[in-house]
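In what follows, a single structure is set out as structure tokens and then discussed.
All of these numbers come straight from a predicted model, not from anything done at the bench. Throughout, protein chains are lettered first and strands after them, A, B, ... in sequence-line order, and every chain is numbered starting at 1.
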2 protein chains.
Amino acid sequence: MLDLEDFLPYRLSVLSNRISSGIARTYEERFGLSVTEWRVIAIVGRYPGVTATDVAERAAMDKVAVSRAVSRLLDAGRLERRENHPDRRAKRLYLSAEGKSIHDAIVPAALAFERDLLDALEPEERRRFLRSLERLAEAAERHC
Amino acid sequence: MLDLEDFLPYRLSVLSNRISSGIARTYEERFGLSVTEWRVIAIVGRYPGVTATDVAERAAMDKVAVSRAVSRLLDAGRLERRENHPDRRAKRLYLSAEGKSIHDAIVPAALAFERDLLDALEPEERRRFLRSLERLAEAAERHC
DNA sequence: TGAAAACAGTTACAAATGTAACTAATATCA
DNA sequence: TGATATTAGTTACATTTGTAACTGTTTTCA
């Protein structure tokens, strides 16, 4: 007998979707950013000069999804792209001034959202939760 | 400064996607079921006679997604639909014999997968983790 | 060297998903 | 009662996403 409501994969999926779309509302309404675009901005903001492949790895996104998000962001003037010597296949990515200002507007809101969530847990409980989450991630990686 | 890799919403999303697609492989390969179809089968198997709207609520799915999954499952002979008196708008859903056999083949695999994951945590750690997860879900619901 | 394999990124097509409008049935309440 | 609103489920259209094949470049190694 399986109760979907008690089933861990299902609970994680519902929670994750709810949280993601909660945050997404912020940057969708204010900047018309999709989740993938926001992730690209977050990665490029944190690691200026990364390539699209780096972004895909760090954001656990498909390279096609990254390519599409990057091209939308370039069109919108939110991202810049420069040559990568000596490998001319890859291009280095940077936030434009506008991309930077979007980044700097979203990051505090995202962190505040995260803090609000984690404030539902006691400090010790929070540490334990994050550690357990890490163990689960390892177990999932081993298993899949 | 925001490190996507440490950001809770992102970590939850990656973990949830990894786990979901890990399980999905099982029923995709063996039965050609999508995630939504599997969820419908799980709900109808657990609560025979539910309506599509009930399924949507219990599975946190969009009613259009449910409608489409149900119609595919009906076409494949995996689901049956009977009249619901006295309200003739809604139809009651049941697993067919084939649907039941698919359900009974997947459920143990799904539960084993969940157990493998949770076995990465000590018994006490696991209880705490699940409790924290519940608190987070409440906080997210409040916040979103 | 130079032929073959691997890689970065893009494009094209198919499948999945979200949104809005729709049909048919039931509920509401003046 | 009967006009209006609500509900269950479907359909149609637009958008998003995944898969495979592609271009141009670099690496590998016989």
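Salt bridge Arg127(B)/Glu125(B): absent, no basic N to carboxylate O contact under 4.0 Å. For Arg72(B) and Glu37(B), the salt-bridge test passes: some basic side-chain N is under 4.0 Å from an acidic carboxylate O. Under 4.0 Å is where a charged nitrogen must lie from a carboxylate oxygen, and between Arg25(A) and Glu28(A) no such pair does.
Following rounding to the nearest Å, Asn84(A) (CG) and dG24(D) (C1') show an atom-to-atom distance of 15 Å. The CG-P distance, from Asp87(B) to dT26(C), rounds to 5 Å in whole Å. Separating the CD atom of Glu57(A) from the C1' atom of dA8(C) is a distance of 12 Å, rounded to the nearest angstrom. Atom-to-atom, CZ of Arg89(B) to C1' of dA25(C) comes out at 5 Å; the value is rounded to the nearest Å. Here dG18(D) presents its P atom at 9 Å from CG of Asn17(B), a figure rounded to the nearest Å.
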For this session: Test Arg142(B) against Asp116(A) for salt bridge (Lys or Arg N to Asp or Glu O under 4.0 Å), laying out the working first.
Result: CA-CA 10 Å; Arg142(B) 249 180 283 124; Asp116(A) 273 2; over 6 Å; no

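Each of Leu79(A) and Tyr94(A) belongs to its own hydrophobic cluster when Ile, Leu, Val, Met, Phe, Trp and Tyr are linked at side-chain heavy-atom distances under 4.5 angstrom.
An OP1 or OP2 oxygen of dA8(D) is reached within less than 4.0 angstrom by no side-chain nitrogen or oxygen of Arg88(B).
For DNA chain C, the neighbouring residues in residues 37-55 of chain A, judged by any heavy atom under 4.0 Å, are Thr51(A), Ala52(A), Thr53(A). Contact check of residues 62-83 of chain B against DNA chain C (heavy atom, cut-off under 4.0 Å) returns Asp62(B), Val64(B), Arg68(B).
In this structure, CD on Glu5(A) lies 8.5 Å from CZ on Arg46(B), to the nearest 0.5 angstrom.
Residues passing the salt bridge (charged side-chain N to carboxylate O under 4.0 Å, His left out) test with Arg68(A): none are found, sequence neighbours excluded.
Donor-acceptor pairing under 3.5 Å is recorded for the side chains of Thr51(B) and Asp54(B).
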